[in-house]
K.L.:
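Take this structure first; my questions come after.
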Amino acid sequence: TVSRAIYVNKNDDDMQTNDTRTTLLVGVIAVDMSLSSIKKTLDTVSANMGRTSFPILVTPHGDAVYHELMTRFMYQNIFDLNNDISFYEYFQDTKDMKSFAKDVRPSLLEGKILVKKLRVYRALPAGDSATEGFDGKEIETHYYMTPVHGWDLRLALAYDQSDLTTVT
């Protein structure tokens, strides 16, 4: 269940913090969601973001709840929980010596709201990966990060620069 208390200022109708000296609780809004419905939503988001762009959902401890590599066979349910996000999202930029573990992961797990722009080298299937293997591609990636309000989770959108500028 995701829930949020709604407060108004006692002096006027502006939304405020939950400081009871100046605000009045007017209600609570809540939505029940299952992990399978969250996964279905993130699968849809991932499918619409582009080939090399995807969402990431993790706990503050780094446990992956959703990453596109966890859904490679499009299972209905989330699986392989308790793997660290670094198991799925890994890169090292040899030119700038930047990496997911050093430059993205700490900010994501701390729940910071920010954008990190990095050049990453991703392995992508070259046709049928079982017979043709993988090709690498250098991708200008933007990581948009935010905590998920109401839940102790962190969300990141990893966007390929070309997906951000492509009109669909």
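Computed from a predicted model, the values in this text were never measured in an experiment.
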K.L.:
Enter the distance from I85:CD1 to T59:OG1 here, rounded to the nearest 0.5 Å.
P.N.:
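Result: 9.5 Å between the selected atoms.
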K.L.:
Who are the side chain to side chain contact (heavy atoms under 4.5 Å, CB included) partners of P106, not counting sequence neighbours?
P.N.:
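So P106 forms a side chain to side chain contact (heavy atoms under 4.5 Å, CB included) with E110.
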K.L.:
Between D63 and R154, is there a salt bridge with N-O shorter than 4.0 Å?
P.N.:
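Here R154 does not pair with D63 in a salt bridge, since their nearest N and O are not under 4.0 Å apart.
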K.L.:
Could you work out, with side chain to side chain contact (heavy atoms under 4.5 Å, CB included) as the rule, every residue matching L114, not counting sequence neighbours?
P.N.:
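Only S107, K112, K116, M145 meet the side chain to side chain contact (heavy atoms under 4.5 Å, CB included) criterion with L114.
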K.L.:
Using 0.5 Å steps for rounding, measure from the CG atom of D163 to the CD1 atom of I139.
P.N.:
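The distance works out to 8.5 Å.
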K.L.:
With a 4.5 Å limit on heavy-atom distance, are the side chains of R105 and D84 in contact?
P.N.:
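Heavy-atom side-chain distance check passes, below 4.5 Å.
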K.L.:
With side chains defined as the heavy atoms from C-beta onward, is the minimum distance between P60 and L109 less than 4.5 Å?
P.N.:
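The answer is no, as the side chains (C-beta and beyond) never meet within the 4.5 Å cut-off.
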K.L.:
With side chain to side chain contact (heavy atoms under 4.5 Å, CB included) as the test, pick out the partner of I6 among L25, V28, V26, L24.
P.N.:
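So, applying the side chain to side chain contact (heavy atoms under 4.5 Å, CB included) to I6 and each of L25, V28, V26, L24, only V26 qualifies.
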K.L.:
Of all the heavy-atom pairs spanning S53 and Y159, show the shortest one and how long it is.
P.N.:
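Looking at all heavy atoms of both residues, the shortest contact is OG-CA, 3.4 Å.
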K.L.:
Mind checking salt bridge (charged side-chain N to carboxylate O under 4.0 Å, His left out) for D32 and listing every partner two or more places apart, or none if nothing turns up?
P.N.:
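Per chain and number, D32 pairs via salt bridge (charged side-chain N to carboxylate O under 4.0 Å, His left out) with no residue.
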K.L.:
Counting only N and O atoms by type, is there a donor-acceptor contact under 3.5 Å from the side chain of D103 to the main-chain atoms of S99?
P.N.:
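Confirmed, D103 side chain pairs with S99 backbone.
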K.L.:
Got a sec, which residues hit side chain to side chain contact (heavy atoms under 4.5 Å, CB included) with T44, two or more places apart in sequence or on another chain?
P.N.:
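Partners of T44 by the side chain to side chain contact (heavy atoms under 4.5 Å, CB included) criterion, ordered by chain and then number, come out as N48.
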K.L.:
Are any non-hydrogen side-chain atoms of M49 and L157 less than 4.5 angstrom apart?
P.N.:
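Side chain of M49 against side chain of L157, heavy atoms only: contact under 4.5 Å found.
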K.L.:
What verdict does the side chain to side chain contact (heavy atoms under 4.5 Å, CB included) test give for L118 and T141, after you've listed the backbone C-alpha separation in whole Å, the side-chain angles of each residue and the deciding distance to 0.1 Å?
P.N.:
CA-CA 5 Å; L118 302 164; T141 302; 5.5 Å; no
K.L.:
Can you name the side chain to side chain contact (heavy atoms under 4.5 Å, CB included) partners of L57, sequence neighbours left out?
P.N.:
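With sequence neighbours excluded, L57 shows a side chain to side chain contact (heavy atoms under 4.5 Å, CB included) to I38, L42, V65, Y66, V148, L153, L155, given in chain and number order.
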K.L.:
If I take atom CD from residue E140 and atom OG1 from residue T52, how far apart are they, to the nearest 0.5 angstrom?
P.N.:
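Atom-to-atom, E140:CD and T52:OG1 are 11.5 Å apart.
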K.L.:
State which residues pass side-chain hydrogen bond (donor to acceptor under 3.5 Å, both in side chains) with Y143; sequence neighbours excluded, sorted by chain then number.
P.N.:
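With neighbours one apart ignored, the set is E89, R122.
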K.L.:
Using the rule that Ile, Leu, Val, Met, Phe, Trp and Tyr join whenever any side-chain heavy atoms are under 4.5 Å apart, tell me whether I29 and V8 fall into a single cluster.
P.N.:
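Cluster IDs for I29 and V8 match.
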